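A note on names: the letters A, B, ... follow the listed sequences, proteins ahead of strands, and every chain is numbered from 1. As the structure is a computational prediction, the values presented were derived from the model and not from experiment.
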There are 2 protein chains.
Amino acid sequence: MSPLKAVTPDGTFVTGPGTTERLLTPGEVARIFGVDPKTVNRWALTGRIPSVRTPSRQRRYRESDINALLNAG
Amino acid sequence: MSPLKAVTPDGTFVTGPGTTERLLTPGEVARIFGVDPKTVNRWALTGRIPSVRTPSRQRRYRESDINALLNAG
DNA sequence: CACGATTTGGGTAATTGGGGGG
DNA sequence: GATGTCCCAATTACCCAAATCG
């Protein structure tokens, strides 16, 4: 997995050659999978999904991680 | 943490031998963490992230500070 | 039925984003 | 156009008890 690397002028990530992505909120991930946001929280706690932590301890999820799970499920 | 030193022609700072970095805008930091720019503002107000002030009282953030927070999550 | 392990749901405090206006 | 600030409802994290499963 590519490390999160700051940063392009528009604030997106460079995760690979010519590849940028953004971070998703727990609620967004929840809607994608059709589950409760609390469930997404537990996925992160149990290591089913990697998560990025904000300085205030909230979680954000990398688009590429979510897509990988969607294509693997 | 290295002090900010003289600027290079491309606007980045020299922080050490062979090390340069630049200052990030609130919007850039916001996208890095997947939050709203106003949230970044709050982080600075509550002391969660260090900030540099422009003469017009706007905030800028050191790349190294942001990376430290990302890797500390 | 009892047991441990995992999942679910409630309560609460903290955090966040939208709207408005500077 | 991006930021800084204020108010307020929605979102989230965390703890812990209840429910469910094997």
Side-chain angles (χ1 to χ4, degrees), chain A residues 1-15 18-73, chain B residues 1-15 20-73:
Chain A
M1 153 169 62
S2 316
L4 286 177
K5 189 166 175 50
V7 67
T8 62
D10 70 351
T12 57
F13 291 102
V14 176
T15 57
T19 304
T20 68
E21 67 174 321
R22 67 189 194 91
L23 297 177
L24 307 178
T25 65
E28 288 173 327
V29 176
R31 283 191 290 274
I32 290 174
F33 286 100
V35 299
D36 191 276
K38 272 193 164 188
T39 301
V40 178
N41 180 9
R42 295 186 183 109
W43 290 345
L45 289 174
T46 56
R48 295 174 185 276
I49 314 184
S51 66
V52 178
R53 293 287 217 150
T54 69
S56 56
R57 313 267 326 143
Q58 290 202 355
R59 296 182 180 83
R60 293 295 184 271
Y61 304 90
R62 293 181 63 180
E63 211 170 18
S64 58
D65 287 332
I66 302 306
N67 285 330
L69 289 175
L70 285 173
N71 297 329
Chain B
M1 149 166 52
S2 314
L4 288 177
K5 293 185 178 176
V7 88
T8 62
D10 69 351
T12 59
F13 291 99
V14 176
T15 58
T20 67
E21 69 174 322
R22 68 190 187 87
L23 296 178
L24 307 179
T25 66
E28 288 173 331
V29 176
R31 295 196 200 182
I32 289 173
F33 285 103
V35 299
D36 191 270
K38 281 182 296 189
T39 299
V40 178
N41 187 357
R42 292 192 186 101
W43 292 344
L45 289 174
T46 55
R48 288 199 159 91
I49 51 177
S51 65
V52 178
R53 294 291 203 135
T54 69
S56 57
R57 304 299 300 163
Q58 292 197 354
R59 297 182 180 82
R60 295 294 184 270
Y61 304 91
R62 293 187 61 179
E63 205 171 19
S64 58
D65 288 332
I66 302 306
N67 282 327
L69 288 173
L70 278 175
N71 299 327

Under-3.5 Å N/O pairs linking protein and nucleotides 20-22 of chain D:
none

Within-4.5 Å side-chain heavy-atom neighbours: E63(B) and I32(B):
no
Using the side-chain contact (heavy atoms from CB on, under 4.5 Å) criterion, which residues pair with R57(B)? Sequence neighbours excluded.
R53(B)
Letter per nucleotide, 5' to 3', of nucleotides 10-17 of chain C [B base touched, S only sugar-phosphate touched, - untouched; heavy atoms, 4.0 Å]:
BB---SBB
Hey, does the side chain of N41(B) come within less than 4.0 Å of dT5(D)'s phosphate (OP1/OP2), counting only N and O?
yes
Taking the side chain as every heavy atom from C-beta outward, state whether R31(A) and L24(A) have any atom pair closer than 4.5 Å.
no
What is the distance from atom CG of N71(A) to atom CD1 of I66(A), rounded to the nearest 0.5 Å?
11.5 Å
For S64(B), is there any backbone N or O sitting under 3.5 Å from a side-chain donor or acceptor partner on E21(B)?
yes
What is the distance, rounded to the nearest whole Å, between atom CG of L45(A) and atom C1' of dC15(D)?
12 Å
With sequence neighbours excluded, tell me which residues meet side-chain contact (heavy atoms from CB on, under 4.5 Å) with R42(A).
K38(A), T39(A)
From L70(B) CG over to D65(B) CG, what is the distance, rounded to the nearest 0.5 angstrom?
11.5 Å
Can any side-chain N or O of R60(A) pair as donor or acceptor with the backbone N or O of G34(B) at less than 3.5 Å?
yes
For P55(A), check side-chain contact (heavy atoms from CB on, under 4.5 Å) against everything at least two apart and list the hits.
F33(B), W43(B), R48(B), I49(B), L69(B)
How far does the helix from dC3(C)-dG22(D) to dG19(C)-dC6(D) bend, going by the axes of its first and last five pairs, to the nearest 10°?
30°
